[in-house]
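Heads up, the thing below is written out as structure tokens.
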Amino acid sequence: MQGKQKIIDDILSSARTAASSVVAEAQAEAQAELDELRAELDAAQKASLAKAEVAAQQLYAGQVKLGELEASKAMLRAKQACVSAVYYGVKLKILSAPDAEYLKILQSVIEQYAEDGDEIIAAKRDSKRVTAAWVKKVATAAKKKLTLSNEVGDFEGGVILRNVKYDRDLTVDAIVDELKERTIAETVARLGL
């Protein structure tokens, strides 16, 4: 029996050694796989952090550009408001000019644009300044047949020249708009905008 026991002990010892070897090998493989997985996770984490950093920088740059764009828009609106204020001031100056100066401006534009036979429609507020006598004086200076219309215009100041073909807008708004078209670059430069 003792021989049998020795064989059993040898088999068990051999099995324990083999099992220990298999377990050690399995543990080594598991550790290697675990190390490999950790390395992959570390690399993925680094890549993810790098992508997140790039995305954050792009988002920040985009927000900065958006902020710069909004600031540029605000600055443009402010510049446009400044320019508009200048031409609005010109309009108010023309409208509030003394009669002689105001009528001189109107006479100048009428002489420049009037055609023979034009009818002059004056602004309602100018009915006391733009009279038939004044129109006759302008017609003589322009060497054209001009008449004052019984119709009054629904505009702030200036006149409209009407003939059978078309109407010519010489209202103060139109005069200032035309002036603005010709002088806006110079105005912007003088304002330092």
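Keep in mind that the numbers below use all heavy atoms, side chains included, and drop hydrogens, waters and symmetry copies. We number each residue from 1, following the sequence as shown.
Residues Thr187 and Lys180 are not in side-chain contact: their nearest non-hydrogen atoms beyond the backbone lie 4.5 Å or more apart. Proximity of Tyr102 to Asp126: side-chain heavy atoms (C-beta onward) are separated by under 4.5 Å at one or more points. Counting heavy atoms from C-beta outward, Val172 and Phe155 have side chains that stay 4.5 Å or more apart. Contact check for Thr171 versus Val159: no side-chain heavy atoms found under the 4.5 Å cut-off. Using a 4.5 Å heavy-atom cutoff, the side chains of Tyr87 and Thr183 are in contact. Looking at Leu161 and Leu170, their side chains come closer than 4.5 Å, going by heavy atoms from C-beta outward. In this structure, the side chains of Ile175 and Leu179 stay at 4.5 Å or more apart for every pair of heavy atoms. Side-chain atoms of Asp173 and Glu156, non-hydrogen and from C-beta on, do get closer than 4.5 Å to each other.
Taking NZ of Lys104 as the start and CG of Leu106 as the end, the distance is 13.0 Å to the nearest 0.5 Å. If you take CD on Gln45 and CZ on Arg38, they are separated by 13.0 Å, rounding to the nearest 0.5 Å. The CD atom of Gln31 lies 12.0 Å from the CD atom of Glu36; values are rounded to the nearest 0.5 Å. The CD atom of Gln80 sits 4.0 Å away from atom CG of Leu76, with the distance rounded to the nearest 0.5 Å. Distance check: Ser84 OG to Lys91 NZ gives 11.5 Å after rounding to the nearest 0.5 Å. Taken to the nearest 0.5 Å, the NZ atom of Lys51 stands 11.5 Å off from the CG atom of Leu49.
Ile160 and Val130 fall into different hydrophobic clusters, where Ile, Leu, Val, Met, Phe, Trp and Tyr residues are linked whenever their side-chain heavy atoms come under 4.5 Å apart, directly or through other members. Put simply, Ile184 and Val176 are part of the same group of oily side chains (I, L, V, M, F, W, Y) that touch within less than 4.5 Å, one to the next. At a threshold of 4.5 Å between side-chain heavy atoms, the hydrophobic network of Ile, Leu, Val, Met, Phe, Trp and Tyr places Leu146 and Val152 in two separate groups. Follow the hydrophobic side-chain contacts under 4.5 Å out from Leu148 and you reach Val109 in the same cluster. Both Ile94 and Tyr113 are members of a single hydrophobic cluster when ILVMFWY side chains are connected at heavy-atom separations under 4.5 Å.
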Stepwise side-chain contact (heavy atoms from CB on, under 4.5 Å) test for Thr147 and Ile120: CA-CA 6 Å; Thr147 58; Ile120 297 175; over 6 Å; no
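The backbone N or O of Leu92 sits less than 3.5 Å from a side-chain atom of Ser96, completing a donor-acceptor pair.
Heavy atoms only, all atoms of each residue included: Ile121 and Gly153 are closest at CG2-N, 3.7 Å. Closest approach of Glu115 to Asn163, counting heavy atoms only: OE1-ND2, 3.5 Å. Smallest separation of non-hydrogen atoms from Gly157 and Ala123: CA-CB, 3.7 Å. For the residue pair Arg129 and Leu95, the shortest heavy atom distance occurs at NH2-O, 3.6 Å.
Taking a 6.0 Å sphere around CG of Asn150, one finds it holds 12 or fewer heavy atoms contributed by other residues, nucleotides or ligands. Atom OH of Tyr60 has 12 or fewer neighbouring heavy atoms from other residues, nucleotides or ligands inside a 6.0 Å radius. With a 6.0 Å radius and a threshold of 12 heavy atoms from other residues, nucleotides or ligands, Asp154 has its CG atom at or below the threshold.
Side-chain contact annotation: Gln107 with Glu111, donor-acceptor N/O pair under 3.5 Å present.
Ion pairing between a basic and an acidic side chain is recognised when a charged N comes within 4.0 Å of a carboxylate O; Glu70 and Lys73 show such pairing. With respect to Arg162 and Asp118, no salt bridge is recorded, no charged nitrogen being found less than 4.0 Å from a carboxylate O.
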